Protein chains: 2
Amino acid sequence: MTDEPRAWRVVLESIERDLLDGRLRPGDRLPGERTLSADLGVGRSSVREALRVLEVLGLIRTATGSGPSAGAIIVALPGGGMSALMRLQVAATGFAVADIVGTRLVLETAVAADLAESAPKRSLEASVGLLDVMESRTLSADEFLALDAQFHLSLAEASGNQVIAATMAGLRSSIESYVRAGASTLPSWEATSARLMLEHRDIVRAIESGDAAVARATVHSHIENYYSETNLPAHRVVGLPETVPDATPRGT
Amino acid sequence: MTDEPRAWRVVLESIERDLLDGRLRPGDRLPGERTLSADLGVGRSSVREALRVLEVLGLIRTATGSGPSAGAIIVALPGGGMSALMRLQVAATGFAVADIVGTRLVLETAVAADLAESAPKRSLEASVGLLDVMESRTLSADEFLALDAQFHLSLAEASGNQVIAATMAGLRSSIESYVRAGASTLPSWEATSARLMLEHRDIVRAIESGDAAVARATVHSHIENYYSETNLPAHRVVGLPETVPDATPRGT
DNA sequence: GTAGAGTGTGTGGTCTGACCACACCACGAA
DNA sequence: TTCGTGGTGTGGTCAGACCACACACTCTAC
């Protein structure tokens, strides 16, 4: 193989440049594959390879047909690609589950603390709504865990940092099968889920109380203990501040 | 378009399944494109589209020829893909620069605190080595910033959480052009870089002192003030604990 | 026995072409 | 004005041709 640039990279880099220079922005439509192919002097297959990368990374969505919604449209979904990347890296053991959990603890405790001390208060309406749903009926473990993930993500979204939210969503998604498998090892799913719901309320209460340290600690133990309880691989906790000692039980 | 699964997704999901089930692991070679095409009943182009995704996400590397190093080999580089993803999302305004900076602050302060309180102490040899290089000769802004990025990353690596390290590398890389552009707006690059180097030493000293709060605060102001000084978009700091008030100056 | 040259094979990389389904859009007929 | 048809351009997919590459093997010469 020569030092010739890979044809698909030529396409990818061209599009990245256009994005950086503002020539392309979310909502814009890329030229058609055949046009890109001719303009960049590469084969249509190479164009498609680059577009596939962009699609999986959440940068574009594609549709057939003609008219304004056809073709490849720039979307730039913040969550795009993060889940796929993390899931695959975990699957291939590039990311250790323990490190995923540790990272999650760092981010989620920071989010909780931020929400606790933010002024003016950020709305936890979405989060509370999810708790209402979770408490309103009996849910299977899978249903519960899906809503649980949404609850955690809703806090990140309330904090307003989309990078953190996307990263957290990706982290959660990457170990979803582990979390699910863990649930089936529990002596009593009913007891655990009931406790988890109480803890969710604790988290919301801690945040609303404005005490960042308590919010941190509540989230921390909530997450850490679910993993301990379900025997997920041990993780090292990275750089969390001293937690407030309390009798806060276990978590997701 | 029908509900038929996309051909390239069939390939991608098949490989993900094999990774999850342990049938494929790092170091293994995938079947050749033509074989995968026949086995999965899709065209070779579709196989290639999926492989391109995996390649950019850092899951495989490809090589022509024959013999043990030819073909698509599973690599699962932890840093793989994260830079590409974040760079593209920032380019497409899916990730706001301010959120990138905020996330970076969360992760890097957590790393510093972790290193400060870890027992036994983790080696900062690589980090200190980089500082020695930076201080041993006059560097252009670009050279300096490259080593600066390496220094920060070396701390993350010393903390041992590869997910955090990969994420931080991606975060830094995604705003590299901003950081670079910022450097050229400074009244005196020489003065700023000299100060930054002193601050790097402060960070190492704070970590070695074992005081997590000081380590956090030192990293925090180091990073935050470089961005303020170079007028990077304002960011909101997410959930950092009270910092120790001190006269710690500015940072990268 | 060893080294070098030639050949064959399987690999990825690229391009081209054919055809399909789709989603409009324009035009003509009722 | 409404409806139907044909045309057009879009992405999606597959097949095929050919290339460069990197071996692995065989044969020949020394």
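Quantities reported herein were computed from a predicted structural model and do not represent experimental measurements. We name chains A, B, ... by the order of the sequence lines, and we start the count at 1 in each one.
- With hydrogens and angles ignored, a donor-acceptor pair under 3.5 angstrom links the side chain of B:Ser66 to the base of D:dC23.
- Distances shorter than 4.0 Å separate none of the side-chain N or O atoms of A:Arg34 from OP1 or OP2 on C:dT16.
- Going from atom CZ of A:Arg29 over to atom P of D:dT10 covers 7 Å, rounded to whole Å.
- Note: A:His200 and A:Phe144 have parallel aromatic rings, judged against thresholds of 30 and 60 degrees for the angle between ring planes.
- Put simply, the residue from B:Glu108, B:Glu157, B:Arg172 that forms a side-chain hydrogen bond (donor to acceptor under 3.5 Å, both in side chains) with B:His152 is B:Glu108.
- With rounding to the nearest 0.5 angstrom, the CG atom of A:Asp18 is 4.5 Å from the CG atom of A:Leu24.
- For the pair B:Ile60 CD1 and C:dG13 C1', the computed distance is 13 Å after rounding to whole Å.
- Between C:dG13 and B:Thr62, a contact under 4.0 Å exists linking OP1 or OP2 to a side-chain N or O.
- D:dG11 atom C1' lies 11 Å from atom CZ of A:Arg61, rounded to whole Å.
- For A:Arg52 and A:Glu49, the salt-bridge test fails: no basic side-chain N is under 4.0 Å from an acidic carboxylate O.
- Nearest-nucleotide positions on DNA chain C for A:Pro68 and A:Ser37 put A:Ser37 closer to the 5' end.
- Test A:Asn161, A:Val163, A:Val219, A:Thr167 against A:Leu107 for side-chain contact (heavy atoms from CB on, under 4.5 Å) and you get one pass: A:Thr167.
- Rounded to whole Å, the distance from CG on B:Leu40 to C1' on D:dA15 is 17 Å.
- Taking atom CH2 of residue A:Trp8 and atom P of nucleotide C:dT14, one finds them 8 Å apart after rounding to whole Å.
- Counting any heavy atom pair closer than 4.0 Å across all strands shown, A:Arg52 reaches sugar-phosphate atoms only and no base atom.
- When distances run from any side-chain atom of B:Glu33 to the nucleotides C:dG12, C:dT14, D:dG12, the shortest one goes to C:dG12.
- Listed in residue order, the members of residues 42-50 of chain B having a heavy atom less than 4.0 Å from DNA chain D are B:Val42, B:Gly43, B:Arg44, B:Ser45, B:Ser46.
- For the pair A:Ile60/A:Ile15, no side-chain contact is recorded, criterion being any heavy-atom separation below 4.5 Å from C-beta on.
- No donor-acceptor pair under 3.5 Å is formed between the side chain of A:Thr62 and the backbone N or O of A:Gly71.
- Contact check on A:Arg180 versus A:Glu176 returns a salt bridge, with a Lys/Arg side-chain nitrogen under 4.0 Å from an Asp/Glu carboxylate oxygen.
- Taking a pair as Watson-Crick or G-U wobble with both distances under 3.5 Å, DNA chain C forms stems of 3 or more consecutive pairs at C:1-30 with D:1-30.
- C:dG12 atom P lies 17 Å from atom CZ of A:Arg9, rounded to whole Å.
- Summarising the geometry, the separation between CG on A:Leu30 and P on D:dT10 is reported as 12 Å, rounded to the nearest angstrom.
- Side-chain atoms of A:Arg44 do not come within 3.5 Å of backbone N or O of A:Ser37 as any donor-acceptor pair.
- If you measure from atom CZ of B:Arg6 to atom C1' of C:dC22, you get 13 Å, rounded to the nearest angstrom.
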